[in-house]
Protein chains: 2
Amino acid sequence: MKARVTVTLKTGILDPQGKAIEGALKSLGVDGVASVRQGKVFDIELAGADKTKAEAALKEAADKLLANTVIENYAIEMKA
Amino acid sequence: MKARVTVTLKTGILDPQGKAIEGALKSLGVDGVASVRQGKVFDIELAGADKTKAEAALKEAADKLLANTVIENYAIEMKA
């Protein structure tokens, strides 16, 4: 079973990396970009076919390691 | 207009960061994770309402800056 966990900064948390990308795009001449925020994505393959178990494992992984829940949100998306 | 650009490593490209996460999850006692691959996600806000123009700008941004197309794939997803 495959899943994708997307970790993004919470609204209001400063994102200097995104700001730097914004500036770089401007100096590269890419027009029309108003703002950029960077996040992380984890493509995870899970052993076993139990969806409920898999979702619980992913939630645990995100809470314990993948996301810093003080400043980040995460979204879990199961794939076929 | 909002969009999300997801950048992931191509198949076959070694992902030591993903491997490290895999190991860390195992030692944290999170079971059932077979493999992890890490990527990047960019949440981009675009000026203007022209979808075609926005998509062209995003493609340019991804090719020029966001992804290293030698080893990475990218996917552009427009949001409402």
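So that the names make sense, note that chain A is the first sequence line, chain B the second, and so on, each numbered from 1. Note that the structure is a prediction, hence the values are computed from the model and not measured.
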Applying the 4.5 Å side-chain criterion to the ILVMFWY set and letting contacts propagate, would [X] and [Y] be lumped into a single cluster?
| X | Y | result |
| --- | --- | --- |
| B:V41 | A:V30 | no |
| A:L28 | B:L46 | yes |
| A:L66 | A:I76 | yes |
| B:V70 | B:I13 | yes |
| A:M1 | B:I21 | yes |

*Which members of residues 2-12 of chain B, sorted by number, sit under 4.5 angstrom from chain A on a heavy-atom basis?*
B:R4, B:T6, B:V7, B:T8

*Rounded to the nearest 0.5 Å, how far apart are CZ of B:F42 and CD of A:Q17?*
7.5 Å

_Working for side chain to side chain contact (heavy atoms under 4.5 Å, CB included), residues A:D43 and B:V36_ = CA-CA 6 Å; A:D43 285 320; B:V36 180; over 6 Å; no

*Which of the residues B:A47, B:G39, B:A54, B:A57 is involved in the greatest number of heavy-atom pairs with chain A at under 4.5 angstrom?*
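Counting heavy-atom pairs under 4.5 Å, the top option is B:G39.
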
*Going by the salt bridge (Lys or Arg N to Asp or Glu O under 4.0 Å) test, which pairs reach into residues 24-40 of chain A, not counting sequence neighbours?*
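Residue pairs with at least one partner in residues 24-40 of chain A: A:K40-A:E72.
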
*Atom NZ of B:K64 with >12 non-hydrogen neighbours under 6.0 angstrom*: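 Yes, because the 6.0 Å sphere around NZ of B:K64 holds more than 12 heavy atoms from other groups.
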
*Looking at A:E60, A:K53, A:E22, which makes the most heavy-atom pairs under 4.5 Å with chain B?*
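Result: the option with the highest number of such pairs is A:E60.
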
*A:L58 versus chain B, the contacting section by heavy-atom distance below 4.5 Å*: neither

